[in-house]
Amino acid sequence: MLTLLLILIPLISGFILLFTGSKNARQIALVLSLIEFGFALFALNILKSSATESLSYSIPWIPSMGISFHLGMDGISMLMVLLSTLLMPLIIYSSFNKRYSNSHNLYALMFIMQSAMVGSFTAMDGFLFYIFWEVSLIPIFFIILMWGGENRQKTTFKFFIYTLFGSLFMLLALIYLYLHTSTHSFDIQALYAAGRSLSLTEQGLIMGAFFLAFAIKMPIFPFHTWQPSTYVAAPTPGVMLLGGVMSKMATYGLIRWVLPMVPDGVQEYGYLIISLSVVSIIYASCIAIIQKDFKYLIAYASIAHMGLISAGIFAANMQSLQGSMVEMLSHGINTVGLFFVYDIIYKRMHTSEMSKLGGIRGVESRFAFMFFIIVLSNVALPFTNGFIGEFLLILGVFQTNMLAASFAGLSIILGAVYMLRAYQKMMLGETNSLTSHFPKLEKQELITLSIIVILIVVMGVYPKPILDITESSIQTLLKGIQ
Amino acid sequence: MEQLVKLIPLFPLISFAIIALMNRRLSKPQAAIIACLGVLLSFIDSAVIFQSQLQSFHPVEVKVFDWIIAGNFNASFSFLVDPLSSIFLMVITGVGFLIHLFSVGYMKDDDGMRRFFAYLNLFIFFMLVLVLGNNFLVMFIGWEGVGFCSFMLIGFWYKDNKNNDAAKKAFVMNRIGDLGFLIAMCLIFFNFGSLNYSTLFSPGFLADSSVSTETLTLITFCLFVGAMGKSAQIPLYTWLPDAMAGPTPVSALIHAATMVTAGIYMVARTNIMFSLTPDTMTLVVIIGIATALLGAVIGLFQNDIKKVLAYSTVSQLGLMFVALGVGAYTAAVFHVVTHAFFKALLFLGSGSVIHAMSGEQDIRHMGGLKKKLPITYLTFLIGTLAISGIPPLAGFFSKDQILSEAFAHNKILFALGLLVSLMTAFYMFRLFFLTFHGSFRGTQDQEHHLHESPLNMTLPLIVLAICAVFAGFVGVPHVIGEGLGIHNLFESYLAPVLGSSSSHIEASIEWMLMGLTTALIVAVILYARHLFVSKNSVPESDLQMQAGFKKIAYNKFFVDEFYNKVFTQPLDKLSLFLEKGVDVPLVDGLVRGIGKLTQSLASITRKIQTGNTGYYAIVFVFAILLLFIFFI
Amino acid sequence: MKELIILSALGVLSLIAGLLRIKRPFMVVVIAGLLLNIGFCIMDWNHNENLFNMMTLDNFALAFTILSSSLAILWFIVAQAYFQNSNTFSDHYALVLFAMTGGLLMVSFTNMVMLFLGIEVLSIPLFVLAGSHKTSMRSNEAAFKYFLLGAFASAFLLFGIALLYGSTGHFDNAGISAFLGANKLSGMALAGIILMLGAMTFKVSAAPFHFWAPDVYQGSPTMITTFMATFVKTVAFAGFFRLFFLSFMAVRSEYAMVFAVIAALTILVSNLIASAQSNVKRLLAYSSISHAGFMVITLLCMNNSSAGVLLYYTLVYSISSIIAFSIFKWVKTHSTENEEISAFNGLLRRSPLLAVVMTLALLSMSGIPPLSGFMAKYMVFTAAITNGYMWVAICGIAGSLMAVYYYFKIIMAMFADAPETSEIKVPGNLKFVLIVCSIALIALMLFPSQISSLI
Amino acid sequence: MQNLHGIPIDYYVILSTALFCVGALGVMLRRNAIIIFMCVELMLNAVNLLLVAFSSYFGDSQAQVFVFFIMAVAAAEVAVGLAILIMIYRNAGTSDTDVLTKLKW
């Protein structure tokens, strides 16, 4: 019931906001998102006391087609729900520094999107998952379309069709699996059983179809080309949702829907995906090095990180999966951080071209300092949250595929190269005529950044609580695979 | 006891936090006091622990908290105090404190002084974590953390992009090594299921495990790659000279005394593994001696006071690796300690000189500073003598130990080591004479401004000079010690961790070697004096420099340019190619192509709809006919 | 019987109303009559009333009658203006109502005669309606094409019926079905089936017999196009389905592949061409054809549950179409009769309601959850995959993607900035229909099985 | 083969098929709308012929009733068709189908 509530609260919040008008919309939105976060924490508390039944909710929806409205939460879902509910207030609060036209609609769409994302993180029915998966696409499409920057029409178009393209293959795979369930049901357990009963080739194909959908959404090479331009066109709150939470739907999907469903296929063909992911890491890192625009750089950096997560998931062992869970959370937080940094700079300088900036550290050192912490987390320095994830991922992948892990490890070098290059270009050096008038951070911006920085450091120093959330669920999941 | 161990890194962390958070609310002196206090307390704490370790061998393990736990992977944030780490603790906090003290004077006019002390404290914290760690992962925290601090401090004057480039270069090169370390950790966990020292290095564990020598070799190789990066060995050494862009106390602390010796510490810490893999050991020796030679040769021709010291550091680190490679771990650690003293001394001395010279670093523009900077002169002389290996200064003992171990291992190695020592003596005295003797070659302004540094800067010099003189006595070689009734305290203290040296050469030969080395060094010094004091020759300016070996060496054998050509530029080109040659035209091109194809296909296909009614009827009939054909 | 009487009586009544010049209130009469019709249908549920072996009001027929009558009600409400502005309103009423009578025959026939009559009674008024803009060349052209090709197709249908009769000796579906089940399929019977298949494919405007549809849809007055795209399409499909379900199930395996090819071809070709259109009306026409392709899949996978799927699909599709066409009409009127996509530019600012509802409709047509269009496509895909036509489903996916492309062109236009910013006022009747339809689009997603398991 | 008044039923089928084809060809190839109408009528009459032949052949009057339906409907159809044609002629001044290609692509 609580799980249902977690989906309904943002949905209702969204509708409330549609009618509030834009005057106090952001305050209302912030409060509503905090309420949602509070409920998520409550759910976490319940999960910890291992009363997981109360987090499960199931009513038949379309019984004739074996579809039920089945929600549930284990540690994996919980972490993802936490991610989205935690980032939401942060994103809303970060948007306080700007006046968006018709902001109530913006927030409403954001809430609807959150609802869909929470839904896809908690759906325990294949069909339901697909619905939430698709529904989440619509609000973000309109967010970008209505509040986006240059070229938004073209890019949203590409983004939408591209992601839809992938999802449709997932739909086919789901239908195929559904037809192979003994009871013609979309229930997750039934689908697992059906998937496992398939032949190796079929499992591989199913895996491929799912992976296509998820790979596009993450995205990883070579399905990434929608992403940089979309990130650039999207308004900051939108891109935060997109990069921070939405991309995690894909990696979550891999863990929830692919690994346990077609374990033999993963075993047999997983190396292909691991290789692709590693290629993605290096490819995106290399391209990130020469980006001139900060937002493009974030976009490519994101591709590299997602590649690592994907490789970790297909390595399918305790370390790699735990690592991918932590990395999802960290990447979500860090991405929001980076985009907020971008936003702060862009708002003041009206450009994010790095060569035009420089010396900001001399003008606003607090900003530079916090930005640097975020950078460090992105280059996976120990004691930042980025390290925990990347280390476990590399460690985990290493146990499955040494060569892949070694190449994936290159990301820590290349990551340092591009991140530091960007930092240097924007923050260090002499100020120029543009940056010498860099206005000080507003209080709200400072607070938001501080929260992000604190999260980064706290998670990096003491990740155990987070690892604990998912530990037992992943163990169960792995047990199911073997 | 356990609480005390936890406190060691905590003090500098707290003072870092205070300075970082209070920032401008603290006055400069307050910040300085807090910073120094943090390190001083830590030093006292370390001394207490060192004292307790001295009495008997009893390693202390302290678990602070669980860090990363995932399945059977368990790495807690925990500390280990044993003789090895306690020695490093002493050096780090001791030298660290002195350098802090020196910095108070050195940095007092700098706007970013608070920041400076904050980083310095943070550095001390990470360095302490590095040596205190009870497993590889905690060492890695420190390992990366000091790299980060080094990055911040090299680029301390961030307005000049040259400094930033140097900082970035240091960080990235360190990262290359770190990847080696990371892979080594993966390998260790994969093969042994643990990263804890207590498990891995428990007696017989490695030897008993079924892991093949090849794997172990791979592990130690990867570890050594990590050490290469941090300790500036070939091929990853080029960042260290560039790192001199940072403030001089930073060069003294990080790039001479402590951080760069982390690689030595790491190999010493994992000596059990290295001892099992002779192949890697050979590699360590080769890299070590090659680096030592290269550093020394380049050092001969440098004119920047800090660059000379930097290449000297590279060269000395190479010597330490030689010692590690021949299995003389104690000798290496001993040299780390003595080197920390005299190299810190030299750097601080050079800092004092630079301070007096208003930032001038080129020795061609110095000279005759003897009278103006008497304390600096004297302490610098002690440092120079120590590094040259003149008995009975500290450098003599440690260097002698390395050379004799090398001799026992391989005569050629000894010869090369000796050559390095001679070159060291030469370039150090070249530096010394050019700086302090002769007549002043700088501008009027500079001459007018010349002054001895204040007490808080000279005091550390004096203390370090005293250490540089006496530190060697803790490690008196057997041949000398037996006669005088002095034990080699250092070796016996470290023996439980590092084992004792296996190689023994006859006393007579050892005496002979000592004599030979010392005599040659004295000769070299005299030659240097002849050149630079008597003949008063000054290195020519860059423009006049003749082509040939000298120029090549002066330009550091063009290694940076080589790396630039072979790695950096191709990487940029690759990136550019990937973006402009693959990403846009191929990957995205395919996507766009499908779109375009559909569009053009659509605009062709729509033409089938001609609008002519008769034509529609024809199509209708034709379709019916097709159906018939289909059924026939 | 009551249904038939009501509809034809309403038609006659409207002619009388024309004589008496009762203009405005007559709309109420028609709607009341249609509601009554729906009420009768509900009362007759499960009765299986058989009329002289010519038609049976079984649940299939009743469900489609309810559906088509509901669509007609919505259509009448939207099309109010169309009738009001015309001097010959009563003729139009009568024609539409007679067409509806034909539709009733088409969904309930059990004899080929009734099928033929149904088609003709449905079509002939439509020929007239298509040309009801007498002075517009486009309307003339549409009427001409529709008429000529319609008659041409009818001839093929009749020839098919004749051949089938010649080989089986029956006009009634039960007889044909029994004969085909008992005997080996003769060449003549097969030829008859093929001809009927072609003709019916023409009627539902599926490729390669769809050529008339875009031209006719584009040329006809928009409200008539709406009627064709919703009501006519629904009953035509119901008739098509009924024909093959009642008569040819026994030899299904013979022609199944043809349906597969038709479905795939329709989906691909129409979507492809549609993506090159800039005229919204023509674009919607092609979109309508593409949906016919999806509906053909229900014929391809014909079994007991397919009728429900077809019902659901036609329902959802018709609702979205009503929205799309009526909004198009309204926007066009307020954009100087511009039929291009650019007419929609900045609609969000001009009328948020229209923009949002249009978006819902287009999303539904694209098959994107949480709108019921998704569920409809999902059912169809599932049916295809269940029957082993994975490749048809993949073609469907390719088509859906192209469809998203062109539907979203309109959506993008609506959300884009535009110079034209004058507000568009939405009249009450349109608002009512739009809101009802929007709610239906979402509600149908939540309760799909309630519809699809009706029959 | 069964005979119908001495003529095999096949002949009727072939004849009416031929007639039907002639009609269809006319629709396909002719430009003048009136002639096209006539051809459609020809096709319908081919069907009528076939139905009547079968009716006689089976001794079943159903088909003949059907023929009446067809004739009635055809008449209605032609009425509508001619009306449309007149309308076109009024607007375009010709009954040639080639002018009716405004709606295309």
Side-chain angles (χ1 to χ4, degrees), chain B residues 68-73 186 570-632, chain C residues 138 141-142 144-149 151-153 155-156 159-160 185 187 190-191 193-199 201-202 206-216 218-219 254-255 257-258 261-262 265 268-278 282-283 285-286 289 398 401-402 405-406:
Chain B
I68 300 181
I69 300 174
N72 57 345
F73 178 82
C186 292
L571 181 64
D572 278 355
K573 281 204 184 105
L574 173 73
S575 306
L576 205 63
F577 168 72
L578 283 181
E579 192 188 20
K580 302 278 184 258
V582 179
D583 205 44
V584 177
L586 290 183
V587 183
D588 196 35
L590 188 69
V591 180
R592 276 179 288 126
I594 291 172
K596 284 237 173 70
L597 184 74
T598 319
Q599 270 174 350
S600 51
L601 208 60
S603 52
I604 294 168
T605 318
R606 67 189 294 199
K607 297 275 168 22
I608 63 171
Q609 192 88 24
T610 57
N612 189 310
T613 319
Y615 163 81
Y616 291 174
I618 293 173
V619 174
F620 186 105
V621 172
F622 190 70
I624 295 272
L625 284 180
L626 268 184
L627 285 183
F628 276 106
I629 291 166
F630 177 79
F631 280 103
I632 295 163
Chain C
R138 284 167 175 255
E141 185 180 335
F144 178 75
K145 281 180 176 165
Y146 195 16
F147 162 73
L148 188 74
L149 292 166
F152 191 60
F156 277 88
F159 200 68
L185 185 66
L190 184 61
I193 293 177
I194 291 171
L195 288 176
M196 291 183 81
L197 192 151
T201 311
F202 171 90
F209 302 97
H210 67 283
F211 281 80
W212 63 277
D215 295 2
V216 172
Q218 191 188 358
E254 294 280 334
Y255 57 76
M257 200 57 190
V258 175
V261 173
I262 288 177
L265 196 66
L268 290 178
V269 170
S270 60
N271 280 315
L272 191 60
I273 301 180
S275 60
Q277 299 300 329
S278 61
R282 198 168 176 83
L283 188 153
Y286 278 110
I289 297 171
L401 281 172
M402 287 189 260
Y405 172 74
Y406 59 78

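Proteins come first, then strands; the chains are lettered A, B, ... in the order of their sequence lines, and each starts at number 1. Treat the numbers as computed from the prediction; the structure is a model and nothing was measured.
- Heavy-atom pairs under 4.5 Å with chain C were tallied for B:Val621, B:Thr605, B:Leu626; the largest tally goes to B:Thr605.
- Heavy-atom distances place both the backbone and the side chain of B:Ile608 under 4.5 Å from chain C.
- B:Ala623 and C:Pro208 get closest at one heavy-atom pair: CB-CG, 3.5 Å.
- Within the 4.5 angstrom heavy-atom criterion, only side-chain atoms of B:Tyr615, from C-beta onward, approach chain C.
- When every heavy atom of B:Ala602 is checked against every heavy atom of C:Leu272, the shortest pair comes out as CB-O, 3.0 Å.
- Taking CG of C:Asn271 as the start and OG1 of B:Thr598 as the end, the distance is 11.0 Å to the nearest 0.5 Å.
- Going from atom CZ of B:Phe631 over to atom CG of C:Leu185 covers 9.0 Å, rounded to the nearest 0.5 Å.
- In this structure, C:Phe156 has its ring center closer than 6.0 angstrom to the ring center of B:Phe620.
- Nearest heavy-atom pair across C:Asp215 and B:Gly611 is OD2-CA, 3.7 Å.
- Atoms CD1 and CZ, from B:Ile624 and C:Phe159 in turn, are 11.0 Å apart once rounded to the nearest 0.5 Å.
- Between the CD1 atom in B:Ile604 and the CD1 atom in C:Ile273 there is a gap of 11.5 Å [rounded to 0.5 Å].
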Practice item. Apply the test side chain to side chain contact (heavy atoms under 4.5 Å, CB included) to residues C:Leu195 and B:Phe628: give CA-CA distance (whole Å), side-chain angles for both, the deciding distance (0.1 Å), then the verdict. Key: CA-CA 9 Å; C:Leu195 288 176; B:Phe628 276 106; 4.0 Å; yes
Review point. Between B:Phe630 and C:Ile194, is a side chain to side chain contact (heavy atoms under 4.5 Å, CB included) present by the stated rule, with each step listed?
Key: CA-CA 10 Å; B:Phe630 177 79; C:Ile194 291 171; over 6 Å; no
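- Comparing C:Ala274, C:Ala191, C:Gly187, C:Ser275 by heavy-atom pairs within less than 4.5 Å of chain B, the highest count is held by C:Ala191.
- The parts of C:Tyr255 that come within reach of chain B are both its backbone and its side chain, each placing non-hydrogen atoms under 4.5 angstrom from that chain.
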Exercise for review: Show your working on side chain to side chain contact (heavy atoms under 4.5 Å, CB included) between C:Leu148 and B:Tyr616 and close with a plain yes or no.
Suggested key: CA-CA 10 Å; C:Leu148 188 74; B:Tyr616 291 174; over 6 Å; no
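- From C:Leu401, atom CG reaches atom CD1 of B:Ile594 across 10.0 Å, with rounding to the nearest 0.5 Å.
- With hydrogens and angles disregarded, a donor-acceptor distance shorter than 3.5 Å links the side chain of B:Gln609 to the backbone of C:Phe211.
- The number of heavy atoms from other shown groups lying within 6.0 Å of NZ (B:Lys596) does not exceed 12.
- For the set C:Ala199, C:Ala207, C:Gly198, C:Pro214, the entry with the most heavy-atom pairs within less than 4.5 Å of chain B is C:Pro214.
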